[in-house]
Amino acid sequence: MIDTHSHINMIETFSLEDVIANAKENGVNKIIVPSAYPKDFDEVIKLIDKHDNVYGMLGVHPTEAKSWNDSLIDKIKKLSDNKKIVAIGEIGLDYYWDKSFNDLQKEIFIKQIKLANELELPIDIHDRDAHKDTFDILEEYNKNSQVIMHCFSGSVEFAKECIKKGFYLGIGGVVTFKNAIKMKEVVKEISLDKIILETDAPYLTPVPFRGKENQPAYVKYVAEEIAKIKNISFEEVNNITNQNAEKIFNLS
Ligand code: NI
């Protein structure tokens, strides 16, 4: 399995060594670590240099848009010389927490889309309560980057619109929640060819560990739930989502 979105640098309950060892023991052979804050960039580089099976993304999260400055463009360009930087992320729009700087969020999002296009890297999208603006901005500005809707949270209709545009959906622990009816419907309706697995650790911990801190090893509960919903085998979910992730992120 591949955990395509995992902030292992933010996990507090377990040591990094334990997290990585536990992932391996549970069949997770690759982990991709996104950046949220500019300070994450150096942490991500350190992690990917140290651990064979860890890959990284560079980008500034929409809620951190105020920490953006244009010198980060050169920094990201330079750091992405590293072959294990496999995407720009996580970037996007978040209208859930604070709506007072939506315009700034859009501006920083657009700058990072252009950067991803220039670097020919995929884009890992954070979209919370901002489906329409996220989609419209991608439509207008994204030229050539593969798009992944990380922690997809829209309706079946929105999922279908995204698929039509060639986007992939990142599915995580939320799908295991009993009350996540909409999410389960999305997984049922959307072809496995368009789905990749993720944890978003340390957040959004799947059942049966909901309420505790999340880690990459738990991505198997996401795969199990998808298999159950689609009435297919666990192996098939792993095989197809692995192939998808390897293709999107060009993981060798
Ligand atoms: Ni995240």
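These numbers come from a predicted model, not from an experiment.
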Measuring only between side-chain heavy atoms, which start at C-beta, is [X] closer than 4.5 Å to [Y]?
X: Leu119; Y: Lys77; answer: yes
X: Phe177; Y: Val207; answer: yes
X: Ile91; Y: Ile108; answer: no
X: Cys151; Y: Glu198; answer: yes
X: Met10; Y: Asp40; answer: yes
X: Ile2; Y: Ile196; answer: no
X: Leu138; Y: Ile113; answer: yes
X: Ile190; Y: Ile171; answer: no

For [X], is the [atom1] atom crowded, meaning more than 12 foreign heavy atoms sit under 6.0 Å from it?
X: Glu161; atom1: CD; value: yes
X: Asn179; atom1: CG; value: yes
X: Tyr37; atom1: OH; value: no
X: Lys75; atom1: NZ; value: yes
X: Asn144; atom1: CG; value: yes
X: Lys39; atom1: NZ; value: yes
X: Lys114; atom1: NZ; value: no

Item to complete: Would you sort out whether Ile125 and Phe167 count as a side-chain contact (heavy atoms from CB on, under 4.5 Å), showing the intermediate values?
Response: CA-CA 10 Å; Ile125 299 289; Phe167 302 174; over 6 Å; no
State plainly whether one hydrophobic cluster holds both [X] and [Y], where clusters connect Ile, Leu, Val, Met, Phe, Trp and Tyr through side-chain heavy atoms under 4.5 angstrom apart.
X: Leu93; Y: Leu115; answer: yes
X: Phe14; Y: Val54; answer: yes
X: Ile31; Y: Val219; answer: yes
X: Val175; Y: Met149; answer: yes
X: Ile226; Y: Val28; answer: yes

Please answer whether the main-chain N or O of [Y] pairs with a side-chain N or O of [X] as donor and acceptor at a distance below 3.5 Å.
X: Thr205; Y: Gly211; value: no
X: Glu189; Y: Val156; value: no
X: Glu64; Y: Ala36; value: no
X: Asn142; Y: Ser145; value: yes
X: Asn238; Y: Met1; value: no
X: Ser80; Y: Ile85; value: no

Which distance, rounded to the nearest 0.5 Å, do you find between the [atom1] of [X] and the [atom2] of [Y]?
X: Ile76; Y: Ser35; atom1: CD1; atom2: OG; result: 7.5 Å
X: Leu251; Y: Lys84; atom1: CG; atom2: NZ; result: 10.0 Å
X: Ile248; Y: Ile123; atom1: CD1; atom2: CD1; result: 12.5 Å
X: His150; Y: Asp200; atom1: NE2; atom2: CG; result: 4.0 Å
X: Ser233; Y: Asn239; atom1: OG; atom2: CG; result: 7.5 Å
X: Asp124; Y: Tyr168; atom1: CG; atom2: OH; result: 13.5 Å

Looking only at non-hydrogen atoms, find the nearest pair between [X] and [Y] and report the distance.
X: Ile232; Y: Glu236; value: CB-OE1, 3.5 Å
X: Pro38; Y: Val60; value: CG-CG2, 4.0 Å
X: Thr4; Y: Ala245; value: CG2-CB, 3.8 Å
X: Gly173; Y: Val222; value: N-CG2, 3.6 Å
X: Ala159; Y: Leu169; value: CB-CD1, 3.9 Å
X: Pro216; Y: Val19; value: CD-CG1, 3.6 Å

Item to complete: Please step through side-chain contact (heavy atoms from CB on, under 4.5 Å) for the pair Ile8 and Leu16, ending with a clear verdict.
Response: CA-CA 7 Å; Ile8 56 173; Leu16 210 51; 4.1 Å; yes
Answer with yes or no whether the side chains of [Y] and [X] bring together a donor and an acceptor at under 3.5 Å.
X: Thr199; Y: Asp3; result: yes
X: Asn29; Y: Asn242; result: no
X: His7; Y: Glu90; result: yes
X: Lys143; Y: Asn117; result: no

Practice prompt. Run the numbers on Asp49 and Lys46 for side-chain contact (heavy atoms from CB on, under 4.5 Å), then give the verdict.
Written response: CA-CA 5 Å; Asp49 283 345; Lys46 234 187 263 171; over 6 Å; no
Item to complete: Check step by step if side-chain contact (heavy atoms from CB on, under 4.5 Å) holds for Asp70 and Lys111.
Response: CA-CA 9 Å; Asp70 284 343; Lys111 281 183 180 174; 3.0 Å; yes
Worksheet entry | Ion pair Glu224/Lys228, N-O distance below 4.0 Å |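 The answer is no: the pair does not qualify as a salt bridge.
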Worksheet item: Between Glu17 and Lys50, does at least one N-O distance fall below 4.0 Å, as a salt bridge requires?
Response: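 Counted as a salt bridge, because a side-chain N and a carboxylate O are separated by less than 4.0 Å.
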Practice prompt. Identify the residue among His61, Gln112, Glu107, Gln105 that makes a side chain to side chain contact (heavy atoms under 4.5 Å, CB included) with Trp68.
Written response: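 For Trp68, the side chain to side chain contact (heavy atoms under 4.5 Å, CB included) test succeeds with only one of His61, Gln112, Glu107, Gln105, which is Gln112.
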Worksheet item: Do Phe158 and Phe152 have ring centroids that are under 6.0 Å from one another?
Response: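 Yes, close enough.
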Worksheet item: With respect to Tyr95, which candidate in Asp133, Thr134, Asp127 satisfies the side chain to side chain donor-acceptor pair (under 3.5 Å) definition?
Response: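 Result: among Asp133, Thr134, Asp127, Asp133 is the only option passing the side chain to side chain donor-acceptor pair (under 3.5 Å) with Tyr95.
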Practice prompt. Assess Lys165 against Phe135: is NZ or CZ under 6.0 Å from the centre of the six-membered ring, and within 45 degrees of the ring's axis?
Written response: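 Lys165 over Phe135 ring: no.
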Item to complete: With sequence neighbours excluded, give me every salt bridge (Lys or Arg N to Asp or Glu O under 4.0 Å) pair touching residues 238-248.
Response: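 Listed once each, the pairs are Lys30-Glu246.
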